[in-house]
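A quick write-up on the structure given underneath.
Just so it is clear: chains get the letters A, B, ... in the order the sequence lines come, proteins before strands, and each one is counted from 1.
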Amino acid sequence: TYVYTSLIEGFCKAGETDTAYNLYLQMRNVGLSPDEFTFSTIIYGLCMHGKMDLAQECFHNMSESSLKPNVVTYNSLICGLCQTQEVGKAVELFEEMLREGCTPDVVTCSSLMAGLCEFDNVSEASKLLGEMENKGCSPNVVMYNTLICAYCRKGELNRACDMLDEMAERGLEPDEVTYSTIIDGMCEVGDLPSAHSLMSKMIDSGLAPNVVTYTSMIDAHCKVGDRNGALRLLENMKKAGITPDVVTYTVLIDSFCKDYELETAFMMLDEIRAKGLVPNIITYNSLIDALCKFGETDEALRLFENLKIASITPDVVTYTTLIDSFCKKDKLEIAFSMLDEMRAKGLVPNVITYNSLFGGIRKRQDMEKAQLLMDQMQRQGCAPD
RNA sequence: AUAAGAUAUAGAUAUU
């Protein structure tokens, strides 16, 4: 059972959930019974790859067996439901868990809170944090971080800072995630002085800024046009012994892209590779967008084709970038063929994709096509903005 | 199955 469980976990983490699921079925045929670890592992793995129906089936299998789901099993499924926008079902499961007499822990609670926040229901998340005490679980730093992040995303920095005070009253120490989150919030509203002073405070309190902290700061400096400030921070971070990662480099690449310093951007791409890091789809999207906007559509398409060779899967943003570019160049036929292509790959166009297409159609005054797109949006439940 | 088999929070890209 232990060996099977480990294998299942390995395949899940490698994205081969089909193999993992087959192993799960196979072990029962071999006469081995999955234990609570096995169930949690397979359920979580399936959830993380969007196979919610299979995950729920496993959960039912478990209920039918002599095993009762434990906290981790519930947490795995709750977390999965939250990440696939099914927060309502997650809340139901949470209630079921209480009925079954299973005591929620900090992980249950922070998972649910993260899901609620993602769904823009921050007040409910905050309520949950208040209620946890009575349910036998006192709030920890992760729960506060989740809430602080939600306030930061809404631009309600005062509320975020209030939470910091509340933590202090409870005797909870902010950690590097807490600080990085608020620093990023300050960066996001363009308040770099506050971000800098909070970073100093962080250091004074004995915490070292990490790669995320620095990357937020670098991004903020880039976005206000302070390239030198950004590069200074990069140097500081290296001096502090922190290694920039793909995100750090991608931030810089995007900054060069936005300034149409494509040569420098591509030099940084080489630098990423030279450091043994692997550029990801966001790195490439940035470059593809810059090439498109710079009028180098052929180069952009070449890079797009190269993604397949690098075994990187284009995402909605990649296609939308290209579609938008073709729409702006009045090459609607190509734009629509890319739309077909992305759909054929199982990618679902979003509002931004449709907005781009509408922009292209507008020039041609093709009401019929516009109506057709509207219908398609409606059918897939995509609300116009 | 050992501090050691499973679960939660922060940073980058596309439309206007």
Worksheet item: Does the pair A:Ser216 and A:Asp219 meet the rule for a side-chain hydrogen bond (donor to acceptor under 3.5 Å, both in side chains), with working shown?
Response: CA-CA 5 Å; A:Ser216 284; A:Asp219 186 40; over 6 Å; no
Discussion item. Under 3.5 Å, is there any donor-acceptor pair linking the side chain of A:Thr215 to the base of B:rG11?
Written reply: yes
Worksheet item: Is a donor on one side and an acceptor on the other found under 3.5 Å between the side chain of A:Arg273 and the backbone of A:Pro279?
Response: no
Discussion item. Is there a side-chain contact between A:Tyr2 and A:Thr5 in this structure, where contact means two heavy atoms from C-beta onward sitting under 4.5 Å apart?
Written reply: no
Item to complete: Among A:Asp315, A:Thr321, A:Asn280, find the residue that satisfies the side chain to side chain donor-acceptor pair (under 3.5 Å) test when tested with A:Asn285.
Response: A:Asp315
Fill in: Closest to side chain of A:Lys258, choosing from B:rG11, B:rA14, B:rU9
B:rA14
Discussion item. At less than 4.0 Å, is any side-chain N or O atom of A:Tyr44 found next to OP1 or OP2 of B:rA8? Yes or no.
Written reply: yes
Practice prompt. Would you kindly give the CD1-to-P distance between A:Ile352 and B:rU15, to the nearest whole Å?
Written response: 8 Å
Worksheet entry | Per A:Thr250 side chain, nearest of listed nucleotides B:rA10, B:rA12, B:rU7 | B:rA12
Practice prompt. Could you check whether A:Asn210 gets within reach of a base, just the sugar-phosphate, or nothing at all, counting any heavy atom under 4.0 Å?
Written response: base
Worksheet item: Of the candidate nucleotides B:rA14, B:rG11, B:rU9, which contains the atom at the shortest distance from the side chain of A:Thr321?
Response: B:rA14
Worksheet entry | Side chain A:Asp105 and base B:rA8 donor-acceptor under 3.5 Å | no
Practice prompt. Select one nucleotide: of B:rA8, B:rA10, B:rA6, the one nearest the side-chain heavy atoms of A:Cys149.
Written response: B:rA10
Practice prompt. Classify the nucleic acid contact of A:Val71 as base, sugar-phosphate or nothing, counting any heavy atom under 4.0 Å across all strands shown.
Written response: nothing
Item to complete: Tell me what A:Asp245 touches on the nucleic acid: a base, only sugar-phosphate, or nothing, going by heavy atoms under 4.0 Å.
Response: base
Worksheet item: Using the benzene-type ring in the case of Trp, are the ring centres of A:Phe37 and A:Tyr4 under 6.0 Å apart?
Response: no
Discussion item. Categorize A:Thr73 for me: base, sugar-phosphate, or nothing, with a 4.0 angstrom heavy-atom threshold over every strand shown.
Written reply: nothing
Worksheet, complete the sentence: With the side chain defined as heavy atoms from C-beta on, A:Asn285 is closest, among B:rU9, B:rG11, B:rU13, to B:rU13
Practice prompt. Output the single nucleotide from B:rG11, B:rU7, B:rA14 whose closest atom is nearest the side chain of A:Lys293.
Written response: B:rA14
Worksheet item: Nearest of B:rA8, B:rG11, B:rU15 to any side-chain atom of A:Lys328?
Response: B:rU15
Item to complete: Return the value, rounded to whole Å, for the distance between atom CG of A:Asp175 and atom P of B:rA8.
Response: 16 Å
Practice prompt. Record whether the side chain of A:Asn140 comes under 3.5 Å of the base of B:rA8 through a donor-acceptor pair of N or O atoms.
Written response: yes
Worksheet item: Between the base of B:rA14 and the side chain of A:Asn350, is there any donor-acceptor pair under 3.5 Å?
Response: yes
Item to complete: Considering only atom P, compute the distance from B:rU2 to B:rA6 and round it to an integer number of Å.
Response: 11 Å
Practice prompt. Kindly point out which of B:rA12, B:rU7, B:rU13 is positioned nearest to the side chain of A:Ser286?
Written response: B:rU13
Worksheet item: How would you label the contact of A:Val251 with the nucleic acid (heavy atoms, under 4.0 Å): base, sugar-phosphate, or nothing?
Response: sugar-phosphate
Item to complete: For the pair A:Ser286 (side chain) and A:Thr283 (backbone), establish whether a donor and an acceptor sit closer than 3.5 Å, ignoring hydrogens and angles.
Response: no
Practice prompt. Have a look at A:Val106 and say if it touches a base, only the backbone sugar-phosphate, or nothing, with a 4.0 Å heavy-atom cut-off.
Written response: base
Worksheet item: Which part of the nucleic acid, if any, lies within contact of A:Thr5, taking any heavy atom under 4.0 Å across all strands shown: a base, the sugar-phosphate backbone alone, or nothing?
Response: base
Worksheet item: Ion pair present between A:Asp162 and A:Arg159, side-chain N to carboxylate O less than 4.0 angstrom?
Response: no
Discussion item. Suppose we call a contact any N or O donor and acceptor under 3.5 Å apart; does that hold for the side chain of A:Thr41 and the base of B:rA6?
Written reply: no
Worksheet item: Is a donor-acceptor pair below 3.5 Å formed from side chain A:Asn70 to base B:rA6, judging by atom type as modelled?
Response: yes
Fill in: Side chain of A:Ile282 (C-beta onward), nearest among B:rG11, B:rU13, B:rA6
B:rU13
Worksheet item: Which nucleotide sits closest to the side chain of A:Phe37: B:rA8, B:rA6, B:rG11?
Response: B:rA6
Fill in: Integer-rounded Å distance: B:rG11 C1' and A:Arg153 CZ
10 Å
